[in-house]
Amino acid sequence: MLVRDAMSTVVLTIGPTHTLRQAAALMSARRVGAAVVLDPDAGGIGILTERDVLNSVGLGQDPDAEPAHAHTTTDVVFAAPSWTLEEAAHAMAHGGFRHLIVLDHDEPVGIVSVRDIIRCWAPLRQKVPA
């Protein structure tokens with residue numbers, strides 16, 4: 001099975017000046033765990049995850065004052081739609097993260113998460129006789 005089969009095509013895109021509260025509200029409304037942060041001034045694509053928001057709030061930072069760019073991961077590993085789920089899982093396990101932005105011709109076309117991979121693998125594993 002390939003990343004294109006598992007990825008969510010709901011790609012929430014925000015700017016670097018969105019506050020963490022704005023980002024969290026948008027992620028909640030779309031029921032996604034990550035937002036793609038497009039920052040042309042910083043030269044590219046980053047990712048803000050629910051964990052980034054949680055870490056900031058846990059540190060006592062004000063989600064109404066904290067900009068997304070201060071919490072965005074910019075050293076991003078990207079997946080291709082043609083990757084296998086095994087390749088995506090390996091990249092996540094090796095990098096210690098739970099989301100991969102999926103790029104096609106340098107454009108974000110989806111996000112694949114650990115949850116997406118488990119959702120695809122679980123039915124396959126149930127069919128294997130014990």
Side-chain angles (χ1 to χ4, degrees):
M1 190 167 277
L2 302 178
V3 164
R4 75 170 51 93
D5 303 318
M7 71 183 191
S8 170
T9 57
V10 176
V11 180
L12 172 60
T13 304
I14 64 170
T17 60
H18 277 80
T19 66
L20 291 185
R21 184 175 309 279
Q22 290 169 325
L26 291 167
M27 289 190 302
S28 178
R30 287 171 179 78
R31 301 181 49 87
V32 297
V36 173
V37 181
L38 296 179
D39 190 351
D41 295 332
I45 299 172
I47 189 167
L48 179 77
T49 68
E50 57 201 355
R51 183 176 290 173
D52 298 322
V53 175
L54 182 66
N55 287 341
S56 174
V57 171
L59 290 171
Q61 296 173 332
D62 181 357
D64 291 313
E66 287 295 312
H69 72 81
H71 302 276
T72 297
T73 300
T74 55
D75 184 20
V76 180
V77 175
F78 298 102
S82 59
W83 278 19
T84 65
L85 293 186
E86 288 80 6
E87 289 172 303
H90 181 269
M92 289 179 193
H94 182 72
F97 44 82
R98 299 178 295 157
H99 298 86
L100 285 169
I101 298 172
V102 183
L103 293 184
D104 191 14
H105 298 93
D106 296 326
E107 293 293 323
V109 294
I111 294 184
V112 65
S113 69
V114 170
R115 180 177 293 157
D116 296 326
I117 292 171
I118 291 170
R119 187 186 71 244
C120 290
W121 280 350
L124 297 174
R125 302 293 186 238
Q126 292 174 1
K127 293 179 184 177
V128 176

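These numbers come from a predicted model, not from an experiment. Positions are given from 1, in the same order as the sequence printed here.
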Would you say [X] and [Y] are hydrophobically clustered, going by side-chain heavy atoms of ILVMFWY under 4.5 Å?
X    : Y    : result
V3   : I118 : yes
V11  : I45  : yes
I111 : L48  : no

For residues 70-79, which side-chain N or O atoms pair as donor and acceptor with protein atoms under 3.5 Å away, sequence neighbours left out?
unit_1	atom_1	unit_2	atom_2	d
H71	NE2	E66	OE1	2.8
T72	OG1	A68	O	2.7

Item to check | V32: side chain to side chain contact (heavy atoms under 4.5 Å, CB included) partners, not counting sequence neighbours | outcome: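 If we apply the side chain to side chain contact (heavy atoms under 4.5 Å, CB included) test to V32, skipping adjacent residues, the hits are V10, L12, M27, R30.
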Selection [range] - residue pairs positive for side-chain hydrogen bond (donor to acceptor under 3.5 Å, both in side chains), sequence neighbours left out:
range            : answer
residues 36-55   : T49-D52
residues 101-113 : S113-D116
residues 3-12    : none

Looking only at non-hydrogen atoms, find the nearest pair between [X] and [Y] and report the distance.
X    : Y   : result
P67  : L20 : O-CD2, 4.4 Å
Q22  : T17 : OE1-O, 4.3 Å
C120 : M1  : CB-SD, 3.4 Å
S56  : Q61 : OG-OE1, 2.6 Å

Pairs under 3.5 angstrom only: tabulate donor-acceptor contacts from the side chains of residues 89-103 to other protein residues two or more places apart or in another chain.
none

Checklist entry - Where do V109 and M7 land on the side-chain contact (heavy atoms from CB on, under 4.5 Å) test, with the steps shown first? => result CA-CA 9 Å; V109 294; M7 71 183 191; 4.1 Å; yes
Next on the checklist: Just so I know, are the side chains of I47 and V36 near enough to count as touching, which here means a heavy-atom distance under 4.5 Å?
Outcome noted: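 A side-chain contact under 4.5 Å is absent here.
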Checklist entry - Should T84 and L2 count as side-chain neighbours, where that means a heavy-atom distance under 4.5 Å? => result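 Answer yes - side chains close enough.
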Next on the checklist: Could you check whether atom CZ of R119 has more than 12 heavy atoms from other residues, nucleotides or ligands sitting under 6.0 Å from it?
Outcome noted: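 Counting neighbours around CZ of R119, more than 12 heavy atoms of other residues, nucleotides or ligands fall under 6.0 Å, so yes.
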